[in-house]
Amino acid sequence: MTRALLQKNLGSFVTFHLHCISRFDIFHYIKMKDKSTQLIASRRNLVQQIPDPSTILPGSLLTRMVRCSKPGCRFCEKGKGKGHGPILILSVSLGDRKVRQIQVPGEMKKEVEDSLRAFAQTQELLKQIAGINLELLRERKRRRQ
């Protein structure tokens with residue numbers, strides 16, 4: 001049984017790995033005593049899930065057809081051609097209504113998509129961590145009273 005499955009089935013426990021005997025791991029379980037301990041353990045788990053910051057990219061990946069201004073271009077003929085492409089564009093908001101668009105080579109599409117996903121995952125994890133931090137603050141405040 002995996003550690004995640006054990007934790008799911010047994011509730012809020014802290015696990016300590018004692019030793020390994022052949023294929024079986026032996027764990028010692030201690031019931032968490034208070035809400036703060038549970039929150040800190042949850043936060044630590046979330047922090048470990050944050051992707052490597054050196055890989056993240058903000059923005060959106062778009063596909064676009066473009067038209068050139070060359071006379072007689074068979075791809076851009078009025079009424080007949082659909083234009084050149086599709087090309088990939090990374091669109092990044094810089095704030096103050098400024099947007100930067102960067103053309104992405106086709107062979108880099110997967111890398112950029114992975115980096116965009118890592119950015120979104122990082123944002124989501126940071127929101128969850130901030131929520132836990134707020135709850136920890138409430139818990140500390142409650143204990144002071």
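We use all heavy atoms of the structure for the numbers below, so side chains are in, but hydrogens, waters and symmetry mates are not.
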Subject >> Flag side-chain contact, heavy atom, 4.5 Å: L46 against I50 >> reply: no
Original post:
What is the minimum heavy-atom distance between V92 and P58, and which atoms define it?
Top reply: CG2-O, 3.6 Å
**OP:** Return yes if some donor-acceptor pair links the side-chain N/O of S115 with the main-chain N/O of T55 below 3.5 Å, else return no.
**Re:** yes
Original post:
Hey, what do you get for CD1 (I102) to CD1 (I89), rounding to the nearest 0.5 Å?
Top reply: 9.5 Å
**OP:** State, yes or no, whether a side-chain contact exists between T63 and I87 at a heavy-atom distance under 4.5 Å.
**Re:** no
**OP:** Would you name the heavy atoms of H84 and F75 that are closest together and state the gap between them?
**Re:** CE1-CD1, 3.4 Å
Subject >> side chain to side chain contact (heavy atoms under 4.5 Å, CB included) between V104 and L61, worked out >> reply: CA-CA 9 Å; V104 177; L61 191 60; 4.2 Å; yes
**OP:** Go through the steps to decide whether R100 and S91 satisfy the test side chain to side chain contact (heavy atoms under 4.5 Å, CB included), and finish with yes or no.
**Re:** CA-CA 6 Å; R100 182 161 185 198; S91 179; over 6 Å; no
**OP:** Measure the CZ-CD distance between R64 and Q103 for me, rounded to the nearest 0.5 Å.
**Re:** 10.0 Å
Original post:
For the residue pair M65 and G85, what are the closest heavy atoms and their distance?
Top reply: SD-C, 3.5 Å
Original post:
Atom NZ in K98, atom OG in S93: separation rounded to 0.5 Å?
Top reply: 11.0 Å
Original post:
Would a hydrophobic clustering, with Ile, Leu, Val, Met, Phe, Trp and Tyr connected at side-chain separations under 4.5 Å, put L125 with I40?
Top reply: yes
Show me the donor-acceptor pairs, under 3.5 Å and distance only, between side chains in residues 128-141 and residues at least two apart or in other chains.
unit_1: Q128; atom_1: NE2; unit_2: E124; atom_2: OE2; d: 3.2
unit_1: N133; atom_1: OD1; unit_2: R43; atom_2: NH1; d: 2.7
unit_1: E135; atom_1: OE1; unit_2: R138; atom_2: NH1; d: 2.8
unit_1: E135; atom_1: OE2; unit_2: K35; atom_2: NZ; d: 2.9
unit_1: E139; atom_1: OE2; unit_2: R142; atom_2: NH2; d: 2.3

Original post:
Nearest heavy-atom pair of G59 and L116: which atoms, and what distance?
Top reply: O-CD2, 3.4 Å
**OP:** Enter the distance from E111:CD to E113:CD here, rounded to the nearest 0.5 Å.
**Re:** 11.0 Å
**OP:** For D52 and S54, indicate whether the former's side chain and the latter's backbone hold a donor-acceptor pair under 3.5 Å.
**Re:** yes
Original post:
Which heavy atom in F119 sits nearest to a heavy atom in L57, and how many Å separate them?
Top reply: CB-O, 3.0 Å
Subject >> From Q101 atom CD to L62 atom CG, the distance as rounded to the nearest 0.5 Å >> reply: 7.0 Å
Original post:
What pair of heavy atoms forms the shortest contact from L88 to G106, and how long is it?
Top reply: CD1-CA, 4.1 Å
Original post:
Can you tell me how far the CG atom of L90 sits from the NZ atom of K109, to the nearest 0.5 Å?
Top reply: 13.5 Å
